[in-house]
Student: 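The structure follows.
Position 1 is the first residue of the sequence, and the numbers go up from there. Fair warning: this is a prediction, and the values are worked out from it, not measured in the lab.
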Amino acid sequence: MHLEKTRIGQFFLFIGLISLTIFFTTDHALDPGVEYLFIGLLLSLIGISLIWRNRQVPQESKRFRILRWKQSKADRKASKEQ
């Protein structure tokens with residue numbers, strides 16, 4: 001289910017960025033379409049929130065496991081001293 005929400009969030013973000021591009025283009029032409037600004041900001045915020053809420057937590061890397069082991073050993077030693 002979260003995959004669909006993430007894809008919908010990407011769609012809203014994409015459409016929001018297109019709307020913001022249209023706003024900045026019309027602003028440069030000295031005839032700003034303010035509705036594009038509000039639509040773009042709203043859709044971008046909705047898209048970012050949908051993507052952010054449904055992101056997957058990355059798996060723990062095993063790259064520096066020896067350093068983590070030494071660090072946890074030092075933490076255990078420090079907690080025993082207290």
Side-chain angles (χ1 to χ4, degrees):
M1 182 70 175
H2 69 78
L3 180 62
E4 291 87 17
K5 288 183 182 179
T6 302
R7 293 188 79 165
I8 291 171
Q10 289 174 350
F11 173 74
F12 282 155
L13 181 63
F14 182 69
I15 299 299
L17 291 175
I18 289 174
S19 296
L20 287 173
T21 303
I22 292 172
F23 166 73
F24 289 122
T25 303
T26 59
D27 186 42
H28 186 68
L30 301 177
D31 186 23
V34 180
E35 62 274 3
Y36 292 114
L37 174 67
F38 294 125
I39 291 170
L41 288 175
L42 180 68
L43 289 177
S44 296
L45 289 175
I46 291 171
I48 289 171
S49 69
L50 284 174
I51 292 170
W52 187 262
R53 221 180 336 158
N54 296 309
R55 72 180 194 280
Q56 295 178 351
V57 178
Q59 295 178 354
E60 186 175 327
S61 174
K62 303 211 187 288
R63 189 172 187 179
F64 299 108
R65 64 181 175 259
I66 294 174
L67 294 176
R68 287 191 202 122
W69 178 72
K70 287 181 180 180
Q71 182 181 12
S72 65
K73 190 176 179 181
D75 290 340
R76 281 185 268 161
K77 187 183 276 188
S79 66
K80 285 183 181 179
E81 292 175 359
Q82 291 179 350

Student: Rounded to the nearest 0.5 Å, how far apart are CG of Leu43 and CD1 of Ile48?
Tutor: 11.0 Å
Student: Taking atom CD1 of Ile8 and atom CG of Leu13, what is their separation to the nearest 0.5 Å?
Tutor: 13.5 Å
Student: State, to 0.1 Å, how close Gly33 and Thr26 come at their nearest heavy-atom pair, and which atoms those are.
Tutor: N-OG1, 3.1 Å
Student: Which heavy atom of Thr21 sits nearest a heavy atom of Thr25, and at what distance?
Tutor: O-OG1, 2.7 Å
Student: Please report the shortest heavy-atom distance between Asp27 and Pro32, naming the atom on each side.
Tutor: OD1-CB, 3.8 Å
Student: Phe38: which other cluster members, linking ILVMFWY side chains closer than 4.5 Å, directly or transitively?
Tutor: Val34
Student: Kindly check if the number of other-residue, nucleotide or ligand heavy atoms within 6.0 Å of CZ (Phe23) is above 12?
Tutor: yes
Student: What are the two closest heavy atoms between Gly40 and Ser19, and how far apart are they?
Tutor: CA-CB, 3.6 Å
Student: Side-chain heavy atoms under 4.5 angstrom apart, residues restricted to Ile, Leu, Val, Met, Phe, Trp, Tyr: same cluster for Leu45 and Phe11?
Tutor: no
Student: Would you compute the distance between atom CG of Leu50 and atom CD1 of Ile46 and round it to the nearest 0.5 angstrom?
Tutor: 7.5 Å
